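Have a look at the structure below before the remarks.
Just so it is clear, the structure is predicted and the values come from calculations on it, not from any experiment. Whatever order the structure lists them in is the order used to number ligands and atoms, beginning at 1.
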Amino acid sequence: MEIREMLYEGKAKRLYSTDDPDALYLKYKNSLTAFNAKKKAEMEGKGELNNMISSWIFKYLRSKGIDSHFIERIDELSQLVKPVTIVPLEVVVRNVTAGSICRRLGVEEGMKLPRPLVEFYYKEDELDDPLVIRDHAVLFGWATDEELDRMTEMALTVDSVLTELFSSIDIDLVDFKLEFGKDKEGNILLADEISPDTCRFWQKGTRQSLDKDRFRKDLGDVLGAYREIWRRLSEKKEDN
Ligand code: AMP
């Protein structure tokens, strides 16, 4: 396969076209950013861990019938993905209160919600990805009602599959962010990545953060936490 020009560079990944019109090459970077890139660092090994973790999770989700842009992992830092048009919404699912919801609503951190909460954020760095309601998304043309229903349904399925998976490796899945894209037939597929950059993972019992909060809050040993997630997932490898 021939890798051609770079189509897009994000905070954590670069996307390239290839000689196959149905495959793009996605290469993970070692950069770590938080607060809309106001805080930045380079961390040798982070790209590889996120590529391994995200590939593992997308494969696992595929085995449970949840489709994503993921085709296959190529090497330590890269994977092949299907071309999709990204829906400009971030879909956040919360099981336990943490992060922005605590700041926004003044609720205590660590409250188990009676059922999963699904929120939509408009993907616009200049506005710091604001929380929006369904009607904003529909009336401004970011997604149709049907697409929002489909994304909500898929997000809740991902939540129940991943909550069970992480629970089996002694981790509470507190919350996570998903992105979706549309393929050329108009099907909604999961896209982007699912990794410690995009999820909150708490060690059961102690609530120790094993995710990007270690970087956001200067808790130290960021890479050690990512490695620990990878170690526990890869020990389940026989399932995947
Ligand atoms: P927050 O709204 O900041 O509390 O984030 C909720 C969840 O979504 C956390 O697991 C975050 O890591 C994740 N998340 C929110 N926004 C982003 C983003 N722009 N990039 C990656 N993950 C995000």
Side-chain angles (χ1 to χ4, degrees), residues 8-15 26 28-41 43 46-47 49-51 53-54 57-58 68-69 86-113 116-133 137 142 151-152 154-156 158-163 165-167 171-181 190-203 207-219 222-223 225-226 229:
Y8 168 82
E9 175 159 16
K11 295 175 198 123
K13 299 181 285 301
R14 293 189 185 93
L15 189 64
L26 186 64
Y28 281 65
K29 304 199 288 190
N30 283 326
S31 24
L32 199 53
T33 65
F35 312 116
N36 195 9
K38 289 177 195 86
K39 180 168 177 173
K40 291 187 206 165
M43 221 161 269
K46 200 273 290 194
L49 283 162
N50 273 7
N51 181 40
I53 293 169
S54 194
I57 292 176
F58 279 141
S68 73
H69 71 160
I86 294 288
V87 176
L89 294 170
E90 296 191 340
V91 181
V92 169
V93 182
R94 299 179 190 274
N95 298 307
V96 173
T97 57
S100 70
I101 197 172
C102 299
R103 294 193 293 277
R104 183 177 304 108
L105 303 180
V107 294
E108 200 183 308
E109 183 175 85
M111 275 166 44
K112 172 99 180 82
L113 295 164
L117 169 64
V118 180
E119 298 174 331
F120 297 102
Y121 292 81
Y122 179 41
K123 253 173 80 70
E124 181 53 73
D125 280 347
E126 282 184 18
L127 301 174
D128 273 342
D129 299 341
L131 177 68
V132 295
I133 60 168
W142 302 327
M151 290 191 279
T152 304
M154 287 173 77
L156 289 172
V158 170
D159 183 50
S160 78
V161 169
L162 294 188
T163 294
L165 168 69
F166 281 97
S167 186
I171 285 167
D172 284 324
L173 178 62
V174 170
D175 59 29
F176 57 94
K177 184 262 313 183
L178 299 177
E179 291 188 26
F180 292 90
L190 261 181
D192 195 46
E193 68 178 283
I194 302 181
S195 72
D197 273 8
T198 65
C199 302
R200 281 196 176 90
F201 297 128
W202 287 359
Q203 170 62 43
R207 292 189 178 176
Q208 181 198 10
S209 291
L210 294 170
D211 57 60
K212 196 160 85 172
D213 270 353
R214 301 203 70 80
F215 175 66
R216 293 189 187 97
K217 300 182 181 174
D218 294 319
L219 299 174
V222 180
L223 218 54
Y226 285 45
I229 296 292

Item to check | Neighbouring protein residues of ligand 1 - any heavy atom closer than 4.0 Å | outcome: E90, V92, R94, A98, G99, S100, Y121, D129, D175, F176, K177, D197, T198, C199, R200, R216

Checklist outcome for this item: Residues at least two apart in sequence or cross-chain that pass ring-ring contact (aromatic ring centres under 6.0 Å, His included) with Y28, listed by chain then number, are none

Checklist entry - Is any NZ, NE, NH1 or NH2 atom of the basic residue among K123 and E179 found under 4.0 Å from an Asp or Glu carboxylate oxygen of the other? => result yes

Next on the checklist: According to side-chain contact (heavy atoms from CB on, under 4.5 Å), who are the partners of K40, at least two apart in sequence or on a separate chain?
Outcome noted: T33, A37

Next on the checklist: Less than 4.0 angstrom from a charged side-chain N to a carboxylate O is my criterion; do R200 and D211 meet it?
Outcome noted: no

Side-chain atoms of residues 95-103: list all donor-acceptor pairs with protein atoms under 3.5 Å, sequence neighbours left out, distances to 0.1 Å.
| residue | atom | partner | partner atom | Å |
| --- | --- | --- | --- | --- |
| N95 | ND2 | D159 | OD1 | 2.7 |
| N95 | ND2 | L173 | O | 3.0 |
| T97 | OG1 | E108 | O | 2.6 |
| T97 | OG1 | G110 | N | 3.1 |
| T97 | OG1 | M111 | N | 2.8 |
| S100 | OG | R94 | NH2 | 3.0 |

Next on the checklist: With side chain to side chain contact (heavy atoms under 4.5 Å, CB included) as the test, pick out the partner of F176 among V158, T163, V91.
Outcome noted: V158

